[in-house]
Amino acid sequence: MINPAEDILEQAARWRTGGKQVAVATVVSTWGSSPRPVGSQLAVDEDRRMVGSVSGGCIEGAVVHEALQVMQDGKPRLLDFGVTNEQAWEVGLACGGKVQVFVERVD
Amino acid sequence: MQPAILKRLLDERAEKRPVALVTRIADGVQCIVTPGDMLGELVLNDAEQATIRRHLADDRSGMVEGGYFVHVHNPPLRLVLVGAVHIAQALAPMAAIAGYQVVIVDPRQAFATDERFPGVSLDDRWPDEALEALKPNRRTAVVTLTHDPKLDDPALIVALKSDAFYIGCLGSRKTHAKRLERLGEAGFGEADFTRIHGPLGLNIGAVTPAEIAISALAQITEVLRRAPESEAKAA
């Protein structure tokens, strides 16, 4: 099933109930031609299992990296991705859009 | 995200009730806002709650004043198909992939069979009765496919009195003109007629049932997603 948020949060809850550390990333704002709309989500567990997406695959790696930090310290983070970002060459969006992603731990 | 917040969010969604998760981006403190109440550590004043509920009604997630992110979780879109015909066999699974909960209404036992529609919710009541029970709302599309006024018209009459965001009717221009004539006799007027998309679907030269389903789903998507002003621009 390709259905939106539903399965993502439910999967996050299942991983959590199963004793795994879990973080959820959410697209909170976009500019220009960003691939996934506001509200798109990606859930990650401590074993780097993923469900959902926050881009067309361009920034998921970086988001997972941050999500693992968030699982450790419990501090939510707001991540900026876009061509103007200093990380542009590593994790910039090929489409030229910009996106802000909020990452939080599922307690 | 605290367990109580996640649980309430999942519960509301399972019950198909509208719910918003509000997050203060600075520190991640959250609350749940529904049309009727609020739960969580984050405390919002009346004006802020009103803003959140407006986002809920508009089905619009995003940042709002005060550094809050509003994540709207509305019940799934619904598509009510009247007529368990060949086109419905293509349209039902396509709409399901696009995120719609599909219900097929057809009192004719020979058409509405599980064999023809595996995994699709079938309703064998008369279309007016079924539609009244299904209560089309702002997140519901209604499409009539039977070509039979006995079945299509009662469904249309209920749909036109509802907030359904899309109403479409399969049939030629001639059939559609006759349909509007009958609806006129039933007391409906020009404002109602403009809500009905007939002939059904975008004009992409569709021929087969699957192609007609694509053109219908494309038109439903257009009505759902395209803001009224851009529609005016396109006209």
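So you know, we letter chains A, B, ... as the sequences are listed, proteins then strands, and number each from 1.
- Rounding to the nearest 0.5 angstrom, the gap separating the CD atom in Glu10(A) from the CZ atom in Arg13(B) is 6.5 Å.
- Separation of atoms CD (Gln2(B)) and CZ (Arg105(A)) is listed at 11.0 Å; rounding is to 0.5 Å.
- Between Thr26(A) and Phe69(B), the shortest heavy-atom contact is CG2-CE2, 3.7 Å.
- Within residues 19-30 of chain B, the residues having any heavy atom less than 4.5 Å from a heavy atom of chain A are, in residue-number order, Thr23(B), Ile25(B), Asp27(B), Gly28(B), Gln30(B).
- At a 4.5 Å heavy-atom cutoff, Ile5(B) makes no contact with chain A through either its backbone or its side chain.
- Using a 4.5 Å cut-off between non-hydrogen atoms, the part of residues 36-63 of chain B that approaches chain A consists of Ser61(B), Gly62(B), Met63(B).
- Per-residue counts of heavy-atom pairs under 4.5 Å with chain B were compared for Val28(A), Val24(A), Val38(A); the largest is that of Val28(A).
- When each of Val22(A), Asp107(A), Val106(A) is checked for a side-chain contact (heavy atoms from CB on, under 4.5 Å) with Leu6(B), only Val106(A) meets the rule.
- More than 12 heavy atoms of other residues, nucleotides or ligands shown are found within 6.0 angstrom of CG on Asp47(A).
- Using a 4.5 Å cut-off between heavy atoms, Val27(A) contacts chain B through its backbone alone, with no side-chain atom that close.
- Within 6.0 Å of the CZ atom in Arg138(B), the count of heavy atoms belonging to other residues, nucleotides or ligands does not exceed 12.
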